[in-house]
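Quick notes on the structure that follows.
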Number of protein chains: 2
Amino acid sequence: MLEKNTCCGGHSHTPKNLIAKAEEFCSANGQRLTAPRAEVLKTLARSHKALGAYDILEAVLIDGKKAKPPTIYRAIEFWLEHGFIHRIESLNAYVSCDHDHDTAGVHFLVCENCKCVREAHTASPLKALDLDGFEPKHSQTETVGLCKDCH
Amino acid sequence: MLEKNTCCGGHSHTPKNLIAKAEEFCSANGQRLTAPRAEVLKTLARSHKALGAYDILEAVLIDGKKAKPPTIYRAIEFWLEHGFIHRIESLNAYVSCDHDHDTAGVHFLVCENCKCVREAHTASPLKALDLDGFEPKHSQTETVGLCKDCH
DNA sequence: CACGCTGATGTTATATTATAACATTAAGCG
DNA sequence: CGCTTAATGTTATAATATAACATCAGCGTG
Ligand SMILES: [Zn+2]
Ligand SMILES: [Zn+2]
Ligand SMILES: [Zn+2]
Ligand SMILES: [Zn+2]
């Protein structure tokens with residue numbers, strides 16, 4: 001039974017599509033979709049809230065057993081690297097992403113009450129800046145506030 | 001002897017102005033510029049790099065003695081609340097701020113190598129977004145990359 | 001299939017960042 | 001001074017993240 005989504009603009013929160021995309025990505029790129037990786041991604045994809053690493057740890061079973069932190073963090077790192085999840089810095093937490101987008105101009109609306117996260121994309125804010133020799137790698141905006149429900 | 005600043009566009013990193021501003025702020029607002037608060041702010045103002053809470057802890061002496069974490073975190077919280085410092089989420093670290101600005105449209109260029117931080121201000125990225133009921137409180141952009149020196 | 005290589009995971013321990021809870025002290029005021 | 005309140009001191013611990021090394025699984029090769 002899928003949880004009703006009332007805060008993220010109707011995003012369905014079904015992990016199916018994302019897992020399918022992940023399978024495709026892995027086989028196309030010689031990566032392995034192992035049990036820890038699959039469980040971590042599914043857990044994030046099912047949630048409409050950002051989850052901390054230890055929330056994920058509590059939620060997943062790998063071969064019927066509780067995992068340990070490095071297992072979770074390795075899977076998180078893997079999906080971060082390949083753009084399937086994002087880290088929400090202001091929460092020390094993670095959300096899945098089913099968009100295709102580059103690394104610039106990502107904007108998160110983060111509810112400080114319920115931890116739901118809405119992802120949006122705007123023109124890169126770097127455009128407006130004189131970088132003066134700074135070499136950007138990754139740009140991310142986080143707006144903390146209250147979502148429609150918690151407001 | 002002031003450290004030569006080569007990465008932040010010539011910002012002088014002298015704590016004098018900021019401390020003076022802080023004194024003024026405190027007396028105008030019935031707040032106390034206590035030893036822990038003063039030492040923490042001075043330490044951040046002297047640094048052209050973001051400092052973690054435990055970096056600050058190692059750097060300051062309060063009445064000749066090393067402080068303990070809560071002392072540092074309380075001072076950090078105080079200056080954060082009053083806009084004298086910022087938290088760089090991607091580093092879990094803090095920088096001083098001698099600008100006067102509101103809480104929207106702050107943009108940090110963060111060097112992942114040397115941890116120097118350049119602060120810039122742009123039009124609020126929220127303008128470009130359909131907030132759809134989301135009530136923003138604080139918005140911050142962090143661009144991680146390499147500064148001119150580390151590049 | 002044994003072998004060896006590689007990448008991933010398992011496991012133990014510990015580092016790093018941050019806060020809860022309560023005791024004590026210092027400032028401001030009548 | 002004696003009261004009130006805000007701030008700090010102190011102890012302990014929570015929450016987040018990683019280092020280091022052992023083991024295992026997949027895979028190509030012979
Ligand atoms: Zn995304
Ligand atoms: Zn909410
Ligand atoms: Zn600032
Ligand atoms: Zn640098």
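Excluded from the calculations below are hydrogen atoms, water molecules and symmetry mates; all remaining heavy atoms, backbone and side chain alike, are included. If you're wondering where the values come from, they're calculated on a predicted model, not measured in any experiment.
Under a 3.5 Å cut-off, the side chain of A/E142 and the backbone N or O of A/E89 do form a donor-acceptor pair. Formation of a donor-acceptor pair under 3.5 Å by the B/Q140 side chain with backbone atoms of B/R87 is found in this model.
Counting only heavy atoms from C-beta outward, the side chains of B/L109 and B/C147 never approach each other to under 4.5 Å. B/D132 has its side chain within reach of A/R118: a pair of non-hydrogen atoms, C-beta onward, lies under 4.5 Å apart. A/T143 has its side chain within reach of B/L126: a pair of non-hydrogen atoms, C-beta onward, lies under 4.5 Å apart.
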Please tabulate, one pair per line, all N/O donor-acceptor pairs under 3.5 Å involving side-chain atoms of residues 63-83 of chain B, not counting sequence neighbours.
residue	atom	partner	partner atom	Å
B/K66	NZ	B/E58	OE2	3.4
B/W79	NE1	B/R37	O	2.9
B/H82	ND1	B/F78	O	2.9

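Using a 4.0 Å cutoff on non-hydrogen atoms, no part of residues 33-44 of chain A comes near DNA chain D. A heavy atom closer than 4.0 Å to some atom of DNA chain C occurs in B/Y73, B/R74, B/R87, these being the qualifying members of residues 73-89 of chain B. Remark: A/K68 in residues 53-68 of chain A come within less than 4.0 Å of DNA chain C through at least one heavy atom.
The minimum heavy-atom distance between A/L91 and A/A50, with the atom names listed, is CD1-CB, 3.9 Å.
Residues in residues 117-148 of chain B take part in these ring pair (Phe, Tyr, Trp, His ring centres under 6.0 Å) pairs, two or more places apart or across chains: B/H99-B/H121, B/H101-B/H121.
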Next on the checklist: Under the criterion salt bridge (charged side-chain N to carboxylate O under 4.0 Å, His left out), I'd like the reasoning laid out for A/D100 against A/K21: C-alpha separation, chi angles, the key distance, then a yes or no.
Outcome noted: CA-CA 11 Å; A/D100 275 307; A/K21 232 176 84 173; 3.8 Å; yes

Any N/O pairs under 3.5 Å between the protein and nucleotides 23-29 of chain C? List them or say none.
none

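More than 12 heavy atoms of other residues, nucleotides or ligands shown are found within 6.0 angstrom of CD on A/Q31.
Along DNA chain D, the nucleotide nearest to B/P69 and the one nearest to A/A93 differ in position, and the one closer to the 5' end is contacted by B/P69.
For the atom pair CG of B/L18 and CG of B/L44, the computed distance is 9.0 Å after rounding to the nearest 0.5 Å.
For A/N92, the side-chain atoms get nearest to D/dT16 when compared with the rest of D/dT16, C/dT17, D/dT10.
Residue A/Q31 places at least one side-chain N or O under 4.0 Å from the OP1 or OP2 atom of C/dA8. In this structure, A/T71 does not reach the C/dT9 phosphate: none of its side-chain N or O atoms is under 4.0 Å from OP1 or OP2.
Under the 4.5 Å side-chain heavy-atom criterion for grouping Ile, Leu, Val, Met, Phe, Trp and Tyr, A/L146 is not connected to A/V110 through any hydrophobic cluster. In the hydrophobic cluster analysis, where Ile, Leu, Val, Met, Phe, Trp and Tyr join through side-chain heavy atoms closer than 4.5 angstrom, A/V106 is grouped apart from B/L131.
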